[in-house]
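This report refers to the structure that appears directly beneath it.
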Amino acid sequence: MASEPVQIPIGQLRRALDAALRHIEASAGPTVTLKEDLFWSVSVDELYDVGAEPQALTIGQLSESWQHLEDLLVTRTRPWVTTWCGLPT
């Protein structure tokens, strides 16, 4: 089930995310409340293999993910960013 890689221009992605965030802010206000904190996380190796059921489920935490995003604002070290996005390191 191989297909051509999807290529997304960063500028277009930035505009789309900005539009989504403006919509959320207009409808929900300046703060987002996360009602849940824990979620199932699938390893990058298994994430896109939709023909097989994941075997290595772990638990992720939204508050920890948010902390990583906040850290982007204060540090230049971002080794986890490429992992999150499934990009080569």
Side-chain angles (χ1 to χ4, degrees):
M1 203 159 115
S3 63
E4 290 296 315
V6 177
Q7 297 204 7
I8 302 171
I10 296 297
Q12 201 169 342
L13 178 60
R14 184 176 285 118
R15 288 190 303 278
L17 291 172
D18 185 54
L21 289 171
R22 280 185 277 130
H23 173 77
I24 291 168
E25 186 174 34
S27 60
T31 302
V32 175
T33 301
L34 304 175
K35 294 180 181 175
E36 302 290 338
D37 192 31
L38 302 177
F39 60 90
W40 288 113
S41 183
V42 180
S43 72
V44 173
D45 294 338
E46 296 182 297
L47 188 60
Y48 300 105
D49 185 3
V50 296
E53 199 163 320
Q55 301 299 308
L57 290 176
T58 59
I59 295 175
Q61 192 169 6
L62 290 172
S63 56
E64 180 182 39
S65 299
W66 172 243
Q67 184 62 56
H68 290 309
L69 290 171
E70 283 189 307
D71 291 347
L72 280 172
L73 301 173
V74 296
T75 183
R76 297 285 176 220
T77 306
R78 301 173 178 102
W80 56 267
V81 173
T82 54
T83 302
W84 252 22
C85 299
L87 301 172
T89 54

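Numbers here simply count residues along the sequence, with the first being 1.
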Only pairs under 3.5 Å count here: list side-chain donor-acceptor contacts from residues 5-15, not counting sequence neighbours, and write none if there are none.
unit_1: Arg15; atom_1: NH1; unit_2: Gly11; atom_2: O; d: 3.2

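- Applying the side-chain hydrogen bond (donor to acceptor under 3.5 Å, both in side chains) rule to Asp45 yields no partners; only residues at least two apart in sequence or on another chain are considered.
- Contacts of Glu53 classified as side chain to side chain contact (heavy atoms under 4.5 Å, CB included), with partners at least two apart in sequence or in another chain: Gln55.
- The CG atom of Leu38 sits 5.5 Å away from the CD atom of Gln61 when rounded to the nearest 0.5 Å.
- The distance from atom CD of Glu70 to atom OG of Ser65, rounded to the nearest 0.5 Å, is 11.5 Å.
- Trp40 approaches Leu57 most closely through the heavy-atom pair CE3-CB, 3.9 Å.
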Cut-off 3.5 Å, no hydrogens considered: what does the side-chain donor-acceptor table look like for residues 23-36, sequence neighbours left out?
unit_1: Ser27; atom_1: OG; unit_2: His23; atom_2: O; d: 3.0
unit_1: Ser27; atom_1: OG; unit_2: Ile24; atom_2: O; d: 3.4

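- By the rule that hydrophobic residues join a cluster once side-chain heavy atoms approach within less than 4.5 Å of another member, Leu62 and Leu69 end up as members of separate clusters.
- By the side chain to side chain contact (heavy atoms under 4.5 Å, CB included) test, Thr58 is found to be paired with Ser41, residues two or more places apart in sequence or in another chain being considered.
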